[in-house]
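Below: one structure, written as structure tokens.
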Amino acid sequence: MTITLRPIQTGDKPKWTSLWRDYLTFYETALPDTIYKTTFSRLCSPDHPDQNGFLALNNRNPVGLVHYIYHPHNWRIEKACYLQDLYVAPEVRGMGVGRKLIEAVYAQADADGCPSVYWLTQEFNAEARKLYDRIGTLTPFIKYSR
């Protein structure tokens with residue numbers, strides 16, 4: 001298996017949609033088609049330079065994705081990078097694809113002058129958390145939302 005990474009491109013919409021739908025299903029979430037359309041458009045648009053993504057390809061077949069968003073942060077001068085979505089197809093899990101996607105975000109954030117990358121996951125995501133524990137730092141913060 002040879003994995004390559006590249007930014008999401010406009011021609012990726014069908015495969016991206018399938019991967020992102022699988023990701024949202026894993027998190028027991030469904031979104032209307034307008035959200036898929038808007039999110040994909042933003043990921044590919046130069047008008048939204050703070051919203052980005054990569055695809056992981058196995059022999060040109062997309063097998064993973066990551067989305068990341070730059071935003072201002074009140075505690076630092078530089079923007080922070082929120083790694084919002086990370087998904088790897090079940091058939092290639094455990095083969096380093098997730099690590100490569102996270103490391104690609106780290107590298108791009110560094111190149112863009114954004115030294116802080118963070119993400120969230122649900123407690124039940126035990127397999128992914130094994131990776132996260134190796135390449136990130138678990139923080140004591142608890143998320144609240146409305």
Inset, instruction - Could you tell me whether Glu91 atom CD has more than 12 heavy atoms of other residues or ligands within 6.0 Å of it? - result: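 Check passes, neighbour count above 12.
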
Connected-component partners of [X] among ILVMFWY, side-chain separation under 4.5 Å:
X: Tyr118; value: Tyr82, Leu120
X: Ile69; value: none
X: Tyr144; value: Ile142

[X] to [Y] - nearest heavy-atom pair and separation:
X: Gly113; Y: Pro115; answer: O-CD, 3.4 Å
X: Gly53; Y: Tyr68; answer: N-CE2, 3.9 Å
X: Leu5; Y: Lys100; answer: CD1-O, 3.3 Å
X: Gln84; Y: Tyr23; answer: O-OH, 3.4 Å
X: Ala109; Y: Val117; answer: CB-CG2, 3.7 Å

Legend entry - His67 and Trp20 aromatic ring geometry - parallel, tilted or perpendicular at 30°/60° bounds: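 It falls in the perpendicular class, over 60°.
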
Pairs of donor and acceptor atoms involving the side chains of residues 35-49, under 3.5 Å and at least two apart or interchain, shall be tabulated with distances.
unit_1 : atom_1 : unit_2 : atom_2 : d
Thr38  : OG1    : Thr34  : O      : 2.9
Thr39  : OG1    : Ile35  : O      : 2.9
Ser45  : OG     : Asp47  : N      : 2.9

Legend entry - Any residue meeting side-chain hydrogen bond (donor to acceptor under 3.5 Å, both in side chains) with Tyr106, in chain and number order, not counting sequence neighbours: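 Testing Tyr106 for side-chain hydrogen bond (donor to acceptor under 3.5 Å, both in side chains), a comparison that skips the adjacent residues, returns none.
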
Legend entry - side-chain contact (heavy atoms from CB on, under 4.5 Å) assessment of Leu86 paired with Val105: CA-CA 11 Å; Leu86 174 69; Val105 172; over 6 Å; no

Legend entry - Side chain proximity check, Leu101 to Leu65, heavy atoms < 4.5 angstrom: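 No. Closest side-chain heavy atoms not under 4.5 Å.
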
Legend entry - Residues in salt bridge (charged side-chain N to carboxylate O under 4.0 Å, His left out) contact with Lys143, at least two apart in sequence or another chain: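 With neighbours one apart ignored, the set is empty.
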
Inset, instruction - Go through Leu131 and Ile135 one step at a time and tell me if the side-chain contact (heavy atoms from CB on, under 4.5 Å) criterion holds. - result: CA-CA 6 Å; Leu131 169 63; Ile135 63 174; 3.9 Å; yes

